[in-house]
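Single-structure report; data block below.
Computation of the quantities below employed the complete heavy-atom set of this structure, encompassing side-chain atoms and omitting hydrogens, waters and symmetry-equivalent molecules.
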Amino acid sequence: MHEKQVEIGYLLDFYGELLNDRRRSVLDMYYNEDMSLSEISASLGITRQGALDQIKKAGSELLFYEEKLGLAERFRVISDCAEKASVIVSSFCDQDGKDELSSLLSRINDTIKA
């Protein structure tokens, strides 16, 4: 259960802007602000069940986007490869090669994290 919650929070960073304002707000409160269902329901003037329903629906929507687009997984793979390549570069290249490849890898990391 906890792993799924972490995944939904992570997907919110990628696809949150695709959600309607209400669902994005509810997920932000739940995952980023660590608010309880009672706190969310009081803040939005809905029932606890309504807050839970919004969280579930929005989470399902985020999982659907990831299933179709796969951006979060691609990001993870590219980021991991860039980190490993950076370690290899620093171990095996001469200083000129290290500087150039390190610069390129830094650009890759900066681009995918922007």
Review point. Are L63 and L69 linked, directly or through other ILVMFWY residues, by side chains that come within less than 4.5 angstrom of each other?
Key: yes
Point to revise | Within-4.5 Å side-chain heavy-atom neighbours: L19 and L12 | key: yes
Review point. Would you say the side-chain atoms of S79 pair up with the backbone N or O of R76, donor to acceptor, closer than 3.5 Å?
Key: no
Point to revise | Closest contact, heavy atoms only, G59 versus I8 | key: O-CD1, 3.6 Å
Study note, to complete from the structure: Distance col, row S25:OG vs R22:CZ, nearest 0.5 angstrom, shows 8.0 Å
**Study point:** S36 vs I40 side-chain heavy atoms within contact, under 4.5 Å
**Key:** no
Study note, to complete from the structure: Sorted by chain and number, sequence neighbours left out, side chain to side chain donor-acceptor pair (under 3.5 Å) with D13 holds for none
Study note, to complete from the structure: In short, M35 meets S43 closest at the heavy-atom pair CE-CB, 4.3 Å
Review point. When you measure from the side chain of Y15 to the backbone N and O of L71, does any donor-acceptor pair fall under 3.5 Å?
Key: yes
Review point. Does any non-hydrogen side-chain atom of F14 lie less than 4.5 Å from one of L62?
Key: no
Check your understanding: So, do R74 and V77 sit near enough that their side-chain heavy atoms are less than 4.5 Å apart?
Key -> no
Exercise for review: Determine, stepwise, if the pair L44 / M29 fulfils side chain to side chain contact (heavy atoms under 4.5 Å, CB included).
Suggested key: CA-CA 11 Å; L44 298 176; M29 285 186 246; 3.6 Å; yes
Check your understanding: Would you call D53 and K56 a salt bridge, using N to O less than 4.0 angstrom?
Key -> no
Review point. Is there a donor-acceptor pair closer than 3.5 Å between any side-chain N or O of E66 and the backbone N or O of L11?
Key: no
Check your understanding: Which residues pass the side-chain contact (heavy atoms from CB on, under 4.5 Å) test with E67, sequence neighbours left out?
Key -> none
Review point. What is the distance from atom CD of E33 to atom CG of L27, rounded to the nearest 0.5 Å?
Key: 11.5 Å
Check your understanding: Under a 4.5 Å cut-off applied to non-hydrogen side-chain atoms, are Y30 and L37 in contact?
Key -> yes
Practice item. Report yes if the side chains of V6 and Y31 come closer than 4.5 Å at any heavy-atom pair, otherwise no. Key: no
Review point. Tell me, do I46 and S41 make a side-chain contact under 4.5 Å, heavy atoms counted?
Key: yes
